[in-house]
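Numbers here are sequence positions counted from 1.
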Amino acid sequence: RTATLRSSAHSFRRRKKRLYSTQLSKMAMAMAEPMTTLQLHISCSDLKRLDLTSKSDPFVVVFHAYDDGAFQELARTEAIQNDQNPHFTTLIDLPYYFERRQRLKFSVYDQDGTSHDLKKHDHVGDLELTVGSLVGEHHSSLTGLLSLGAKTGRGTIRVHAEEKSSINGDVILKVRGSKLDKKDLFGKSDPYFTIRRQTGATWALVHTSEVLKKTLDPLFQARRLPISQLCNGDFQRPLRIECYDWDQNSAHDFIGAFETTLQEIVDNPTKAWELINPKKVAKKKNYRNSGSFSMQATIEPSHSFVDYLRAGFEINLSVAVDFTGSNGDPSSSSSLHYINPMAPNEYQQAIRAVGNIVADYDTDKLFPVLGFGAKLPNGEVSHEFALNGVPTNPFCSGVPGIEAAYCQAITSVQLWGPTNFAPIINHVARFAQEAQNQYYVLLILTDGAITDLNNTKTAIIRASALPMSIIIVGVGAADFSTMELLDGDDGMLRCNGSVAQRDIVQFVPFREAMGRGQGYLAQEVLKEVPGQFLAYVKANSIALPTPPS
């Protein structure tokens with residue numbers, strides 16, 4: 001009865017959370033922050049000459065659109081006089097969202113007069129591309145031919161993207177204490193320290209160290225802290241370091257504190273910073289300090305997701321499709337696998353929504369596509385089979401190839417069961433284990449609860465040490481509470497005493513996401529990938545690869 005009550009309470013909280021999220025979905029979409037800002041550098045060559053008596057006076061208008069939305073003007077370059085090969089100095093700032101499909105159109109015009117109305121100027125030509133294809137190119141540079149409708153030979157445009165410079169990076173902080181006050185009657189102190197940064201008239205806590213037992217001369221573990229977390233990029237921002245004696249059954253005892261800045265810490269690696277206790281200053285005439293800290297800070301650059309892509313890191317997409325019997329007979333229009341030429345089913349919609357974004361970051365556009373839970377034509381029940389029917393080469397060309405293999409498999413296999421995830425996860429993990437400068441994203445499309453839950457948890461925990469993320473899209477109206485257990489939003493996944501090294505799973509119910517607007521599904525399932533990627537490279541101290549020439 002107790003377990004039932006707990007389950008009911010958990011289900012109620014989950015439904016309440018989803019209802020609240022649904023009510024605020026539009027607000028959340030509007031307030032979503034870009035992962036970073038890109039600067040676009042634009043140049044052209046061999047522009048078609050439209051003026052009979054002089055060279056062109058070109059300028060570029062950049063249009064931007066999300067998903068399948070209409071293009072909106074983003075910015076314009078300056079106009080360069082009499083130049084068929086212009087290099088524009090105007091840099092175009094572009095908010096960058098990995099989880100959304102962003103489209104760009106570059107329209108080149110020959111300036112005629114000063115009017116802002118583009119109809120008053122001669123249209124040279126256009127180039128359309130996606131932000132993903134641009135960033136996915138080595139060095140994030142892309143050159144394309146301009147066209148105007150069916151007209152070609154309008155010239156060439158080159159676009160280069162780079163992350164807008166900002167103060168970022170990490171601080172490697174080493175702290176040692178000396179001759180701290182003794183706070184315990186029958187033993188030495190159990191010290192720890194906190195760091196707070198000045199925020200207006202208050203001090204905001206930004207870091208708490210571990211507790212070291214029974215020592216007055218502690219040597220704390222070196223910590224890596226983001227500069228943005230420590231001082232928000234301001235090296236002169238006041239910091240307050242406080243030292244305490246940890247007590248298990250009462251309030252922790254204050255030992256002493258001092259104020260400094262990150263710049264002072266960097267500049268004074270041998271300085272002894274005195275810990276001062278104001279109460280002792282007021283009581284004792286001969287009071288000097290309550291011990292001291294020595295602090296060493298090393299600044300290391302923190303590379304972004306975009307930096308790694310520009311340097312040649314590749315994102316590899318693998319797709320796994322649920323062919324268990326709970327999907328319903330594919331010949332029935334009520335089946336989740338029913339193929340309707342006039343309207344894609346939920347599996348097809350999910351493949352398109354996610355695949356069209358991730359595909360931009362894969363250079364060869366060849367994706368392994370697997371199925372699970374089906375009885376094959378030879379009578380074997382398989383949880384790891386190639387949808388294209390070629391076990392030694394399960395790769396499909398582009399998103400259309402993925403969808404074609406899916407439609408082919410529907411007609412050649414029999415829906416069966418059970419729903420086992422572990423074989424598919426282990427399959428992709430084997431490739432990720434051998435990867436160099438590659439990161440694997442496994443997209444699992446499923447309609448129901450997992451049968452091999454413990455084996456799946458174990459597979460995910462092992463995969464958390466590899467360059468790999470797992471995206472699970474729940475298709476249909478089944479109970480997906482089991483899937484939510486795999487998503488590490490409430491803490492790292494655990495199973496049989498093992499703990500995941502990082503959160504690599506993101507689960508999203510298809511119908512709930514699609515009900516929030518076009519493009520929301522891809523946004524939800526992909527938004528955690530950049531952070532998961534950076535967590536992996538940082539945990540494994542992976543340097544930027546050398547870009548190919």
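Ring geometry for His64 versus Tyr66: interplanar angle over 60°, hence perpendicular rather than tilted (30 to 60°).
Of the charged side-chain nitrogens involved, at least one lies within less than 4.0 Å of a carboxylate oxygen, so that Glu384 and Arg430 count as a salt-bridged pair.
Of all heavy-atom pairs between Met483 and Thr446, the closest is CE-CG2, 3.5 Å. Considering every non-hydrogen atom in both Leu225 and His207, the closest pair reads CD2-ND1, 3.6 Å. Pairing each heavy atom of Phe507 with each of Gly474, the nearest pair is CE1-N, 3.6 Å. Residues His303 and Leu534 share a closest heavy-atom pair of O-CD2, 3.6 Å. In this structure, Ile227 and Val171 approach most closely via the heavy-atom pair CG1-CG2, 3.6 Å. Nearest heavy-atom pair, Ser141 versus His160, reported as atom, atom and distance to 0.1 Å: OG-ND1, 2.7 Å.
At least one donor-acceptor pair under 3.5 Å links the side chain of Asp362 to the backbone N or O of Lys365. Side chain of Asn420 to main chain of Ala422: no donor-acceptor pair is present (N/O by atom type, distance under 3.5 Å, no hydrogens or angles). A side-chain donor-acceptor contact under 3.5 Å links Asp322 to the backbone of Asp447. Side chain of Arg101 to main chain of Thr130: no donor-acceptor pair is present (N/O by atom type, distance under 3.5 Å, no hydrogens or angles). Formation of a donor-acceptor pair under 3.5 Å by the Thr261 side chain with backbone atoms of Pro238 is not found in this model. Looking at Arg502, its side chain does come within 3.5 Å of a backbone N or O of Ser464 through a donor-acceptor pair. Looking only at distances, a side-chain donor or acceptor of Gln102 sits under 3.5 Å from a matching main-chain atom of Pro95. At distances below 3.5 Å, at least one donor-acceptor pair connects side-chain atoms of Thr451 with backbone N or O atoms of Thr419. Distance alone, capped at 3.5 Å, places no donor-acceptor pair between the Asn540 side chain and the Ile542 backbone. With Asp253 contributing its side chain and Ile255 its backbone, the two residues share no donor-acceptor pair below 3.5 Å.
The structure places CD1 of Ile424 at 4.5 Å from CG of Leu370, a figure rounded to the nearest 0.5 Å. Here the straight-line distance linking atom OG1 of Thr260 with atom CD1 of Ile241 works out to 6.0 Å at 0.5 Å rounding. Between atom NE2 of residue His383 and atom CZ of residue Phe372 there is a gap of 9.5 Å, rounded to the nearest 0.5 Å. Atom-to-atom distance recorded for Leu442:CG and Ser469:OG is 10.0 Å, nearest 0.5 angstrom. Note that CD1 of Ile265 is 11.0 Å distant from CD of Gln296, once rounded to the nearest 0.5 Å. To the nearest 0.5 Å, the span separating OH on Tyr439 from OH on Tyr308 amounts to 12.5 Å.
Within the 4.5 Å cutoff, the side chain of His41 has no heavy atoms near those of the Val159 side chain. Between Ile470 and Ile460 the shortest side-chain heavy-atom distance falls below 4.5 Å. Side-chain contact check for Leu180 versus Pro218: some heavy-atom pair is nearer than 4.5 Å. A 4.5 Å side-chain heavy-atom check between Ile299 and Val266 finds at least one atom pair inside the cut-off. When side chains are defined from C-beta on, Phe293 counts as touching Cys243, because their heavy atoms get closer than 4.5 Å. Residues Asp67 and Arg100 have side chains in contact (heavy-atom distance under 4.5 Å, counting atoms from C-beta outward). Between Tyr97 and Gln523, every side-chain heavy-atom pair lies at or beyond the 4.5 Å cut-off. Counting heavy atoms from C-beta on, the side chains of Ser209 and Val175 never come closer than 4.5 Å.
Annotation for Phe431: atom CZ does not count as buried by contact number, only 12 or fewer foreign heavy atoms lying within 6.0 Å. Atom CD of Gln236 sits in a crowded spot, with more than 12 heavy atoms from other residues, nucleotides or ligands closer than 6.0 Å.
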| Could you walk me through whether Ser304 and Asp307 pass the side-chain hydrogen bond (donor to acceptor under 3.5 Å, both in side chains) check? | CA-CA 5 Å; Ser304 70; Asp307 290 332; 3.3 Å; yes
| Derivation and outcome, side chain to side chain contact (heavy atoms under 4.5 Å, CB included), residues Asp503 and Glu528 | CA-CA 9 Å; Asp503 173 22; Glu528 293 188 7; 3.6 Å; yes
| Can you list the steps and then say if Leu443 with Leu317 is a side chain to side chain contact (heavy atoms under 4.5 Å, CB included)? | CA-CA 7 Å; Leu443 171 63; Leu317 173 67; 4.1 Å; yes
| Is there a side chain to side chain contact (heavy atoms under 4.5 Å, CB included) between Lys457 and Leu493 once you walk through the steps? | CA-CA 7 Å; Lys457 286 182 176 180; Leu493 186 66; 4.1 Å; yes
| Given the rule in the side chain to side chain contact (heavy atoms under 4.5 Å, CB included) test, do Glu264 and Trp273 qualify, once you have shown the distances and angles that lead to the verdict? | CA-CA 11 Å; Glu264 287 182 336; Trp273 302 88; 3.9 Å; yes
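For residues 273-297, every residue pair satisfying the salt bridge (Lys or Arg N to Asp or Glu O under 4.0 Å) rule, not counting sequence neighbours, is listed here: Asp181-Lys280. Pairs of residues two or more places apart, or lying in two chains, that qualify as salt bridge (Lys or Arg N to Asp or Glu O under 4.0 Å) and include a residue from residues 215-227 are Asp170-Arg224, Glu210-Arg223, Arg224-Glu300.
With sequence neighbours excluded, no residue satisfies side chain to side chain donor-acceptor pair (under 3.5 Å) with Asn277.
For the residue pair Ser498 and Asn496, no side-chain donor N or O sits within less than 3.5 Å of a side-chain acceptor on the partner. Donor-acceptor pairing under 3.5 Å is recorded for the side chains of Tyr520 and Glu524.
The distance between the ring centers of Phe395 and Phe367 does not fall below 6.0 angstrom. Ring centers of Phe193 and Phe220: under 6.0 Å apart, within the cut-off. If you look at Phe98 and Tyr361, their ring centroids are closer than 6.0 Å.
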